[in-house]
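All ligand and atom numbering here is 1-based and tracks the order in the structure. The structure displayed is predicted, hence computed values, not measured ones.
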Amino acid sequence: MTSKEIRQSFLDFFASKNHKIVPSAPMVIKDDPTLMFTNAGMNQFKNIILGNDPIKYSRIADSQKCLRVSGKHNDLEEVGHDTYHHTMFEMLGNWSFGDYFKKEALAWAWEFLTEVLKLDKDRLYVSVFEGNPAENVPFDQEAFDIWKQYVSEDRIILGNKKDNFWEMGDQGPCGPCSEIHIDLRTDAERAKVSGRDLVNADHPQVVEIWNNVFMEFNRKADGSLEKLPAQHVDTGMGFERLCMAMQNVTSNYDTDVFTPLIAKVEEITGLKYTNNQQPTTSNQEKINIAIRVIVDHVRAVAFAIADGQLPSNTGAGYVIRRILRRAIRYGFTFLNTKEPFINKLVEVLANQMGEFFPEIKSQQQLVTNVIREEEASFLRTLEQGLQLLDKVVAETSGKEVSGEKVFELYDTFGFPKDLTALILKEKGYTFNEDDFEAELQKQKARSRAASEVATGDWHILVDGNVEKFVGYDQTENEVKITRYRKIDSKKDGILYQIVLDATPFYPEGGGQVGDKGHLYTHEGVVEI
Ligand code: SER
């Protein structure tokens with residue numbers, strides 16, 4: 001099955017179980033202070049789960065764009081180095097809001113995987129929550145008993161709070177969960193070591209594919225658990241991993257979610273990507289990692305921009321800029337790309353995903369332009385910055401680089417500190433975080449000082465409120481200054497504010513652009 005068919009079969013299956021199919025929410029979140037980006041399918045339903053919003057549909061399914069690059073769920077460091085983590089990924093999900101619970105959720109998950117998709121039952125393992133006395137949450141006997149109907153007991157693994165109690169963030173909905181893992185190793189490997197021993201052990205071919213969360217609690221700001229008004233089901237299946245299982249490959253990057261993007265990188269760079277089955281050298285492995293990073297990151301950046309988040313120097317915009325700069329540098333160093341090229345992947349992405357996510361098609365031009373500009377601007381300083389970094393490393397005795405130098409790279413060359421940290425790590429170095437922070441604070445103080453202004457008192461030349469607006473009838477008028485004051489700005493120098501007795505200039509406001517023109521005096525012309 002193609003990835004498109006796999007996605008559709010999931011939605012069709014849950015539609016047949018009376019689920020309303022809804023579109024993905026934007027990946028960029030504007031109205032939840034606890035989150036910057038959508039990190040799970042359930043985010044858009046948070047208020048329903050908490051009981052704050054009414055339940056419109058009690059059964060919903062979708063494929064949600066998620067980004068896990070900050071906060072509680074952050075996979076950024078793994079991306080590219082392994083073959084199954086991503087910054088942006090699609091999460092296939094089905095929800096019950098106060099409707100069905102564990103019995104139906106687990107039965108349908110099993111039915112979909114083994115009867116619809118016909119995945120081999122012998123390769124599947126499941127996990128249930130072992131309980132946590134400190135939190136006063138018991139062992140999930142119910143889920144355990146349900147699973148016993150479908151799998152032998154030795155395929156059911158008891159998991160701790162880290163693996164089997166899912167929380168959206170430090171606060172918010174949470175509950176025990178039951179995961180389904182798949183073992184994609186060869187028969188020979190499976191005969192040697194049981195898949196059971198490799199579940200949750202970071203094995204690239206024994207991976208979690210589906211998480212069924214039984215939402216029962218709200219984690220409060222003080223850390224305590226509060227029972228939710230109703231019980232809900234929140235499930236999330238890693239779409240790219242499911243495609244890996246269905247397409248008989250052992251890396252997400254060998255699925256048709258990524259192969260068209262990889263082919264485009266190969267075409268642009270003239271280099272080859274070698275997949276898991278092919279032999280590799282250490283240099284080829286660096287190329288492989290760089291290609292994986294780039295084809296992963298372009299999706300995150302492109303969809304974030306399509307959803308309205310432009311790269312910038314603060315907040316969510318800086319997260320996007322950092323991801324893109326990381327990709328640019330991987331290309332520059334390992335693929336020898338000295339010109340903007342990542343923007344050229346947007347077309348491939350739009351063709352591939354535009355049918356299901358129309359925003360990437362409708363914003364294709366903007367996304368391409370923004371990425372191209374970002375690439376061009378970072379490439380202008382990247383080479384010099386890398387040279388400086390080499391010099392700094394050469395001059396460093398010991399393995400810790402000075403934080404001041406890392407700050408200089410950030411401030412002058414636009415190197416996000418985590419990018420510098422990554423490059424240093426490749427060379428076996430770290431840097432002094434405290435010194436970096438101190439420099440950053442000093443810079444902030446300097447720019448605060450630079451924006452300081454001293455405002456003088458008004459000098460009154462004409463008493464009373466004589467000023468009037470004449471712009472409805474006139475565009476020119478003879479005027480007198482009625483008052484003025486002096487502004488001493490560290491940034492802009494000495495300025496004066498003046499008030500005129502009559503003015504035809506309409507001010508900016510209410511969406512209206514202010515008028516432009518000139519003020520003619522005996523001493524010269526002032527531009528307004
Ligand atoms: N919220 C759960 C997760 O993100 C299940 O959807 O894994």
In terms of residue, atom name and distance, what is the protein heavy atom nearest to atom 4 (O) of ligand 1? Arg68 NH2, 3.0 Å
Would you call Met168 a ligand 1 contact, heavy-atom distance under 4.0 Å? no
Quick one: do Arg372 and Glu347 make a salt bridge, cutoff under 4.0 Å? no
Ligand 1 atoms nearer than 4.0 angstrom to some heavy atom of Gly236 are 5 (C), 6 (O)
If the threshold is 4.0 Å, N to carboxylate O, is there a salt bridge linking Asp183 and Arg196? no
Specify side chain, backbone, both or neither for Gln64, according to which of its non-hydrogen atoms lie closer than 4.0 Å to ligand 1. neither
Arg219 and Glu135 ion-paired at < 4.0 Å: yes
Contact check, Glu179 vs ligand 1, heavy-atom distance below 4.0 Å: no
Strictly under 6.0 Å, is that where the ring centroids of Phe89 and Phe239 end up? no
Between the side chain of His85 and the main-chain N/O of Val79, is any donor-acceptor distance below 3.5 Å? no
With atoms numbered from 1 as shown, which atoms in ligand 1 lie under 4.0 angstrom from a non-hydrogen atom of Ala40? 4 (O)
With heavy atoms under 4.0 Å as the rule, classify the contact between Val213 and ligand 1 as side chain, backbone, both or neither. side chain
Nearest-neighbour protein heavy atom for atom 1 (N) of ligand 1, which is reported as residue plus atom name and distance: Asp234 OD2, 2.6 Å
Lys/Arg-Asp/Glu bridge criterion (N-O < 4.0 Å) met for Lys102, Asp140: yes
Could you see which bit of Thr235 sits under 4.0 Å from ligand 1, with heavy atoms only: side chain, backbone, both or neither? backbone
Hey, does the side chain of Asp307 reach the backbone of Pro26 with a donor-acceptor pair shorter than 3.5 angstrom? no
For Met42, the atoms of ligand 1 under 4.0 Å from one of its heavy atoms are 1 (N)
